[in-house]
Amino acid sequence: MSAERIDGRAFAEGLRGRVAAAVPAFAQATGRNPGLAVVLVGEDPASQIYVRSKHKATLEAGMESFEHRLPDTTSQDELVALVEQLNADERVDGILVQLPLPKGVDDKAVIATIEPAKDVDGFHVVNAGKLAVGEDALVSCTPLGCLMLLKDRLSSLSGLEAVVVGRSNIVGKPMAQLLLRENCTVTIAHSRTSDLAAVVGRGDIVVAAVGQPELIKGAWLKPGAVVIDVGMNRLEGEGGKTRLLGDVEFATASEVASAITPVPGGVGPMTIAVLLRNTLVAASARAGLRPPEGL
Ligand code: GUN
């Protein structure tokens with residue numbers, strides 16, 4: 001058996017197109033375009049690439065992009081002051097502070113400063129808490145993108161066994177909450193789980209977000225499982241080239257799964273598309289408009 005490849009790039013392109021198509025109605029109703037502010041502190045190369053892509057995608061969707069690049073010597077107080085300024089700026093609907101932050105800056109304190117209604121990353125405890133108790137919340141982009149891919153592939157998630165490997169606040173925990181909301185039976189496994197292979201083998205759905213290259217083997221999977229690989233492990237390849245590897249051993253997994261996301265081209269492109277979706281959702285809520293449909 002050879003699994004269907006879930007084309008996250010194509011899905012993300014479609015979502016970005018639907019967001020862009022909904023922006024003119026917002027502009028007509030409010031007299032302005034939605035605005036996203038992205039804050040980058042320091043010179044982390046991967047973060048610089050992400051921030052550049054976010055800026056480009058924001059403009060392509062017809063939104064305002066406010067970029068703030070700060071040196072890695074920026075103090076926590078200075079960063080908090082910038083976030084407060086963005087909270088008060090009426091043109092800004094979404095605020096994203098790119099992680100990781102330099103050593104010495106407490107990311108929890110910075111995230112706590114973001115106005116929850118503008119927290120398009122869904123990292124603020126108010127949004128995490130709303131998700132946990134089943135209220136409308138801004139939800140972390142990567143897990144929400146994973147859920148969209150799963151719902152596109154499966155007619156119903158209800159009653160399925162879902163195994164989430166990884167317990168981060170950014171992916172694993174919100175992913176588990178989202179799957180629970182879809183009536184899955186959810187297990188959260190992680191790097192200390194004993195007999196991870198047996199736990200993974202229960203999953204009709206497996207979401208891998210542990211950050212260990214090719215940890216999860218095809219032989220562990222339940223035949224026919226749908227596998228979502230969030231891993232983005234950069235490894236030095238031959239000739240100094242970096243190779244991007246997922247958390248799942250793709251070659252063996254695609255012999256057992258019914259569908260699987262490739263790395264790259266699976267979950268990765270979804271994150272920015274969902275960020276644009278969250279920005280439009282946040283902008284609409286702030287303007288007292290109904291949430292845009294079909295996003
Ligand atoms: N760094 C890596 N992924 C993310 C993300 O989704 N949001 C933020 N703010 N920083 C990140």
Side-chain angles (χ1 to χ4, degrees), residues 1-8 11-12 14-15 122 127-210 215-231 246-250 252-262 266-267 270-271 274 277 291 293-295:
M1 186 164 68
S2 193
E4 176 201 334
R5 287 163 80 103
I6 299 174
D7 189 346
F11 192 98
L15 177 58
N127 281 314
K130 282 184 173 177
L131 177 64
V133 299
E135 284 181 31
D136 276 350
L138 287 164
V139 177
S140 182
C141 302
T142 300
L144 187 52
C146 294
L147 184 73
M148 287 177 182
L149 294 178
L150 284 167
K151 289 176 86 166
D152 185 56
R153 162 77 205 173
L154 295 162
S155 50
S156 168
L157 276 64
S158 186
L160 297 181
E161 287 265 0
V163 178
V164 179
V165 189
R167 54 175 156 180
S168 69
N169 292 332
I170 294 180
V171 183
K173 286 179 197 163
M175 188 75 246
Q177 297 288 359
L178 288 169
L179 291 164
L180 197 55
R181 204 168 74 176
E182 297 296 327
N183 301 315
C184 289
T185 302
V186 181
T187 303
I188 304 180
H190 45 78
S191 55
R192 310 273 181 90
T193 296
S194 55
D195 203 355
L196 183 60
V199 175
V200 166
R202 295 210 297 260
D204 301 303
I205 293 169
V206 175
V207 181
V210 264
L215 173 73
I216 294 166
K217 313 296 178 197
W220 298 5
L221 297 169
K222 179 172 175 176
V226 177
V227 179
I228 304 289
D229 190 350
V230 185
D247 290 348
V248 179
E249 196 176 71
F250 186 84
T252 55
S254 43
E255 292 301 310
V256 184
S258 62
I260 182 167
T261 56
V267 173
M270 290 299 291
T271 301
V274 176
R277 178 253 179 217
E293 278 171 30
L295 299 183

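Heavy-atom basis, side chains included; hydrogens, waters and symmetry copies ignored.
Side-chain contact between V200 and L221: present, with at least one pair of heavy atoms (C-beta onward) separated by less than 4.5 Å. In this structure the side chain of W220 never reaches within 4.5 angstrom of the side chain of E249, judged on heavy atoms. You'll find the side chain of V226 reaches within 4.5 Å of the side chain of I6, heavy atoms only. When side chains are defined from C-beta on, T185 does not count as touching R202, because their heavy atoms never get closer than 4.5 Å. Side-chain contact check for V206 versus V248: every heavy-atom pair is 4.5 Å or farther apart. Within the 4.5 Å cutoff, side-chain heavy atoms of L147 are placed close to those of M175. When side chains are defined from C-beta on, T193 does not count as touching T187, because their heavy atoms never get closer than 4.5 Å. By the 4.5 Å heavy-atom criterion applied to side chains, L144 and R277 are counted as neighbours.
Residues V230 and A209 share a closest heavy-atom pair of CB-CB, 3.9 Å. Of all non-hydrogen atoms in A257 and V227, the two that sit nearest each other are CB-CG2, 3.9 Å. Of all the heavy atoms in V199 and S194, the pair that sits closest is CG2-O, 4.4 Å. The heavy-atom pair separating S254 from I260 by the smallest distance is CB-CG2, 4.2 Å. Across all their heavy atoms, R167 and S191 have their closest contact at NH2-OG, 4.4 Å. The minimum heavy-atom distance linking N183 with S158 is given by the pair CB-OG, 3.5 Å.
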Determine, stepwise, if the pair L131 / L178 fulfils side chain to side chain contact (heavy atoms under 4.5 Å, CB included).
-> CA-CA 8 Å; L131 177 64; L178 288 169; 3.9 Å; yes

Could you give me the CA-CA distance, side-chain angles and deciding distance for L179 and L160, then say whether side chain to side chain contact (heavy atoms under 4.5 Å, CB included) is met?
-> CA-CA 9 Å; L179 291 164; L160 297 181; over 6 Å; no

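Although no hydrogens or angles enter the test, the distance criterion places a donor-acceptor pair under 3.5 Å between the side chain of D204 and the main chain of E161. Distance alone, capped at 3.5 Å, places no donor-acceptor pair between the D247 side chain and the D229 backbone.
To the nearest 0.5 angstrom, T252 atom OG1 is 10.5 Å from I216 atom CD1. Atom CG of L150 and atom CD1 of I205 lie 5.0 Å apart (nearest 0.5 Å).
Other residues, nucleotides and ligands contribute only 12 or fewer heavy atoms inside 6.0 Å of the NZ atom of K151. Heavy atoms of other residues, nucleotides or ligands lying less than 6.0 angstrom from CG of D136 number 12 at most. Surrounding NZ of K222 are more than 12 heavy atoms belonging to other residues, nucleotides or ligands, all under 6.0 Å away.
Sorted by first and then second residue, the pairs that involve residues 140-149 and meet side-chain hydrogen bond (donor to acceptor under 3.5 Å, both in side chains), not counting sequence neighbours, are T142-T271.
Among residues two or more places apart in sequence or in another chain, the side chain to side chain contact (heavy atoms under 4.5 Å, CB included) test is passed with S168 by I170, V171.
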